[in-house]
Amino acid sequence: MATATQPATDLRRRLEQVVGTDHVRVDAGTLLTYSTDATPLERARPDAVVFPASTAEVAGVLAVASELGVPVVPRGSGTNLSAGTVPVRGGIVLVLTRMNRLLEISPDDLVAVCQPGLRTIELAQAAAAEGLLFPPDPGSHTTASIGGNVAECSGGLRALKYGVTRDYVLGVEAVLATGEVIRSGGRLVKDVAGYDLRRLLCGSEGTLAVMTELTLRLLPAPEASGTGMAYFGDLGDAARAVSRVLRSGVLPVTLEFLDRVCIDAVEGYAQIGLDRSAGALLIFGQDGDPGSIERDMARMAEACEAEGATQVRIAESESEAADVLAARRAVLPALSRLEPLTILEDATVPRSRIAEMVQRIQEIAGRHGLTVGTFGHAGDGNLHPTVVLDPADEAAIGRTHEAFDEIFAIAIEMGGSITGEHGVGLVKLRHLERQLGAEQLALLRRIKRAFDPQGILNPGKLGS
Ligand SMILES: Cc1cc2nc3c(=O)[nH]c(=O)nc-3n(C[C@H](O)[C@H](O)[C@H](O)COP(=O)(O)OP(=O)(O)OC[C@H]3O[C@@H](n4cnc5c(N)ncnc54)[C@H](O)[C@@H]3O)c2cc1C
């Protein structure tokens with residue numbers, strides 16, 4: 001006679017046949033660990049966590065899941081900030097970190113071929129060793145995986161000049177929900193045979209297929225780089241400086257900003273000599289040949305001064321430049337120290353409207369009695385308003401959600417987006433229709449059904 005635990009035992013046994021007993025985990029500790037990702041407040045328990053080592057094993061797991069109708073949530077390093085890997089319908093969390101091999105770097109074809117579990121920084125370092133550059137550099141690059149970067153279409157500090165992850169994906173090998181393996185694209189720069197499925201998989205958030213191998217475009221590494229910083233009395237001046245920089249004929253590699261709350265938090269955390277009295281800080285940078293860097297850095301400094309910068313500094317050494325960039329990378333850990341709970345969001349507006357957007361964010365936060373620090377990729381119009389609060393204060397959590405609802409509504413009204421780089425995941429699904437419209441959302445769902453008719457891949461997320 002079948003018992004209540006029979007289906008779970010069957011699932012485990014079938015998965016063990018595919019990946020071996022050591023690579024299927026159902027113990028309470030593991031299930032708890034894989035209930036969450038880097039997104040606060042969201043959690044749901046999976047039934048099993050599976051660690052495949054090859055495309056064939058991924059295909060085997062998906063064939064079993066498909067046959068038994070069990071959800072599968074692909075997962076890289078779990079650093080996403082939209083609850084993209086929280087298994088809201090239970091099932092299998094498919095962790096791809098064992099598939100972490102760099103298969104090839106080809107200086108002749110300017111490509112890298114790797115498995116999805118390779119960490120971003122490892123790819124960047126291997127490329128650099130060959131005099132090449134892999135430009136996408138999300139703040140999480142030491143931990144995040146390439147598969148996660150592609151599935152989220154991650155951005156980073158260099159997106160203004162170099163674009164985002166999708167701009168570097170030439171080819172994808174992926175396993176469909178049924179276990180069939182497809183390859184889309186390859187190592188060619190030009191290839192227009194058929195619909196561009198590899199592009200569709202960029203930003204698909206684990207809902208269309210599991211990517212098992214990636215062929216990525218590399219660039220010749222720039223000879224050198226320059227970094228500078230400019231303080232402003234208020235954010236309006238900083239925003240005008242952004243526009244002036246972009247009109248000056250310079251396309252900076254980096255153009256980041258921190259508001260007053262972020263400057264104060266970073267200085268309190270890292271003590272790197274930031275001016276706590278400033279209203280805003282712009283960090284700007286360029287790479288290329290030394291002559292053009294000198295010219296571009298001077299132009300950017302002039303643009304900041306012309307818009308009323310109270311202080312402009314160009315780093316004179318690599319270590320000084322590293323300190324400036326470290327200030328930007330320290331914002332999130334610094335804000336996290338202010339209160340135990342940090343809710344970071346990711347709205348994007350046309351860059352000409354950054355100052356207006358930050359003012360609206362401050363006004364909304366003030367009205368809801370919340371502390372918000374805003375920082376982000378000024379050159380991309382991509383803002384990260386971040387609320388810090390006490391997790392025991394349920395009323396404040398409720399007000400935070402209301403505040404973000406208003407912030408997303410304003411971003412859409414301004415012609416912006418509810419997410420520039422962190423993905424829709426679970427947390428922004430309810431805002432998607434407002435941005436895409438009912439017709440486009442319906443098309444998105446039909447695409448999902450074409451890839452995954454049973455709806456087993458990351459259910460409850462995009463396409464649901
Ligand atoms: C401190 C910090 C800084 C960050 N900075 C940035 C930043 O600057 N820019 C930015 O864009 N993001 C940033 N992020 C967000 C996050 O790091 C990125 O989204 C990252 O690309 C996720 O990679 P991951 O390996 O952790 O993926 P995961 O979190 O494991 O997964 C993310 C999504 O990808 C899917 N997925 C993962 N692997 C595969 C695969 N092989 N096939 C199909 N689907 C897959 C998952 O189902 C999920 O939907 C930051 C996060 C943190 C915590």
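Residue numbers run from 1 in the order of the sequence given. Each ligand, and each atom within it, is numbered from 1 in the order the structure gives. Bear in mind the structure is a predicted one, so any value in this text is a computation, not a measurement.
- Atom 32 (C) of ligand 1 has as its closest protein heavy atom Glu152 OE2, 3.3 Å.
- Shortest contact from atom 51 (C) of ligand 1 to any protein heavy atom: Thr79 O, 3.3 Å.
- The option from Asn80, Thr207, Val95 that lies nearest to atom 29 (O) of ligand 1, judged by heavy atoms, is Asn80.
- A heavy-atom separation below 4.0 Å is not found between Asp37 and ligand 1.
- Under 4.0 angstrom from ligand 1, the non-hydrogen atoms of Asn149 come from both its backbone and its side chain.
- Protein heavy atom at the shortest distance from atom 27 (O) of ligand 1 is Gly148 CA, 3.4 Å.
- Atom CZ of Arg12 sits in a sparse spot, with 12 or fewer heavy atoms from other residues, nucleotides or ligands closer than 6.0 Å.
- Looking only at protein heavy atoms, the nearest one to atom 43 (C) of ligand 1 is Ala209 O, 3.4 Å.
- For the pair Glu173 and Arg183, the salt-bridge criterion is met [side-chain N within less than 4.0 Å of a carboxylate O].
- Note that OG of Ser184 is 6.0 Å distant from CG of Asp196, once rounded to the nearest 0.5 Å.
- Residue Ala151 places no N or O, backbone or side chain, under 3.5 Å from any N or O of ligand 1.
- Shortest contact from atom 18 (C) of ligand 1 to any protein heavy atom: Ser154 OG, 3.5 Å.
- With a 4.0 Å heavy-atom cut-off, ligand 1 is reached by the side chain of His422 but not by its N, CA, C or O.
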- Start with the C-alpha distance between Ser66 and Gln454, add both sets of side-chain angles, then the distance that settles side-chain hydrogen bond (donor to acceptor under 3.5 Å, both in side chains), and finish with yes or no. CA-CA 8 Å; Ser66 190; Gln454 278 180 279; 2.9 Å; yes
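- Across the listed options Gly420, Ser140, Ala38, Ser140 owns the non-hydrogen atom lying nearest to atom 4 (C) of ligand 1.
- Ion pairing between a basic and an acidic side chain is recognised when a charged N comes within 4.0 Å of a carboxylate O; Asp380 and Lys161 show no such pairing.
- Taking the six-membered ring where tryptophan is involved, the planes of His384 and His377 are perpendicular, since the angle between them exceeds 60° and thus also 30°.
- For atom 44 (N) of ligand 1, the closest non-hydrogen atom on the protein side is Gly206 CA, 3.4 Å.
- Of the protein's non-hydrogen atoms, Gly139 N, 3.3 Å is the one closest to atom 7 (C) of ligand 1.
- Contact annotation: Gly117 has no heavy atom less than 4.0 Å from any atom of ligand 1.
- At a 3.5 angstrom cut-off on N or O pairs, Ser77 counts as close to ligand 1.
- At least one N or O atom of Met211 sits closer than 3.5 Å to an N or O atom of ligand 1.
- Relative to the six-membered ring of Tyr168, Arg217 meets both conditions, a distance below 6.0 Å and an angle of at most 45° to the axis.
- Note: an N/O pair closer than 3.5 Å links Pro74 and ligand 1 by distance alone.
- Of all protein heavy atoms, the one closest to atom 1 (C) of ligand 1 is Leu332 CD2, 3.7 Å.
- Under 4.0 Å from ligand 1, the heavy atoms of Asn458 that appear belong solely to its side chain.
- When each of Glu345, Glu433, Glu205 is checked for a salt bridge (Lys or Arg N to Asp or Glu O under 4.0 Å) with Lys428, only Glu345 meets the rule.
- Looking at Glu213, Arg329, Lys461, Glu421 and measuring to atom 10 (C) of ligand 1, the nearest heavy atom belongs to Glu421.
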